[in-house]
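Comments concern the structure below.
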Amino acid sequence: GSFAGMNTVRNISLIQRSISKTMHRVPPAKDENDVVVEAPEMPNEVAISQQMRSQIGSLTDSIRNLEIKLGRNEAANGAIGELVEKAKELREVAIEASEEATVNPERGKAFQNTFDALTGEYNDIVAQASFAGKKLLDGSMDAAANVRPMAQLDVSSADVAKDAVKDIDSALRALHD
């Protein structure tokens, strides 16, 4: 990312120096009274000018592509940061559910409802993260990452909640890769 940006800046600097040198090398045309006149471009000047235009166009395209990639990656990093925070919330609920000493169906249902709501929020972020109208996290060609939606895990009792913690830890590791 930053190497490409530095390379682009260096290339622009080289082009600017090349243009400057060319302008100094080409002597102005003069008439018999030593007055500068507009002369038709010489073949060599035309070739140099076309080459410079081509290089400038190429650099402009490179800069535009770099800006798009940087923007896309920034948006993806923001979305992944949100996912990490949401996964940590899911983990906290699952750990709390896994530490329940007594089997209480009402508490189990409350944990599950909270967990399901957070899972929905997590999956909404995965599904909706986009940049310039293109999905960021679905693993497609233009995507910045391939993030799987969070599975509907069971945290309604201590035993199953322990397994859910392992699944969430796995999802967190994948987000950090």
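Any value given below was found using the heavy atoms of this structure, including those in side chains, with hydrogens, waters and symmetry copies removed.
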For [X] and [Y], work out which heavy atoms get closest and say how close.
| X | Y | answer |
| --- | --- | --- |
| A144 | A76 | CB-CB, 3.4 Å |
| K135 | Q128 | NZ-CA, 4.1 Å |
| M150 | T119 | O-CG2, 3.7 Å |
| V126 | P149 | CG1-N, 4.4 Å |
| A75 | L136 | CB-CD1, 3.6 Å |
| G139 | A143 | N-CB, 3.6 Å |

Please name all residues satisfying salt bridge (charged side-chain N to carboxylate O under 4.0 Å, His left out) with [X], sequence neighbours left out, ordered by chain then number.
| X | result |
| --- | --- |
| K134 | D142 |
| D61 | R64 |
| E89 | K86 |

Nearest-0.5 Å distance, [atom1] of residue [X] to [atom2] of residue [Y]:
| X | Y | atom1 | atom2 | value |
| --- | --- | --- | --- | --- |
| D177 | N146 | CG | CG | 12.5 Å |
| I68 | N73 | CD1 | CG | 12.0 Å |
| E85 | L90 | CD | CG | 11.5 Å |

Do [X] and [Y] belong together in a cluster built from hydrophobic side chains that touch within less than 4.5 Å?
| X | Y | answer |
| --- | --- | --- |
| L118 | L172 | yes |
| F115 | V160 | no |
| L70 | F131 | no |

Is there a donor-acceptor pair closer than 3.5 Å between any side-chain N or O of [X] and the backbone N or O of [Y]?
| X | Y | answer |
| --- | --- | --- |
| S54 | Q50 | no |
| K109 | S156 | no |
| E82 | Y122 | no |

Query raised in the report: Tracing side-chain links under 4.5 Å among I, L, V, M, F, W and Y, which residues wind up in one group with M141?
Result: none
Query raised in the report: By the rule that ILVMFWY residues connect when side-chain heavy atoms come within less than 4.5 angstrom, directly or transitively, which residues belong alongside V165?
Result: I95
Query raised in the report: Would you say I80 and L137 make side-chain contact, with heavy atoms under 4.5 Å?
Result: yes
Report task. Using a 4.5 Å cut-off on heavy atoms from C-beta on, say whether the side chain of F111 contacts that of N104. Result -> no
Report task. Determine, step by step, whether I125 and E121 satisfy the side chain to side chain contact (heavy atoms under 4.5 Å, CB included) criterion, reporting the C-alpha distance in whole Å, the side-chain angles of both residues, the deciding distance to 0.1 Å, and the verdict. Result -> CA-CA 6 Å; I125 295 168; E121 292 171 19; 5.6 Å; no
Requested in this report: Scan for salt bridge (charged side-chain N to carboxylate O under 4.0 Å, His left out) pairs involving residues 146-171, sequence neighbours excluded, and state none if there are none.
Outcome: R91-D169
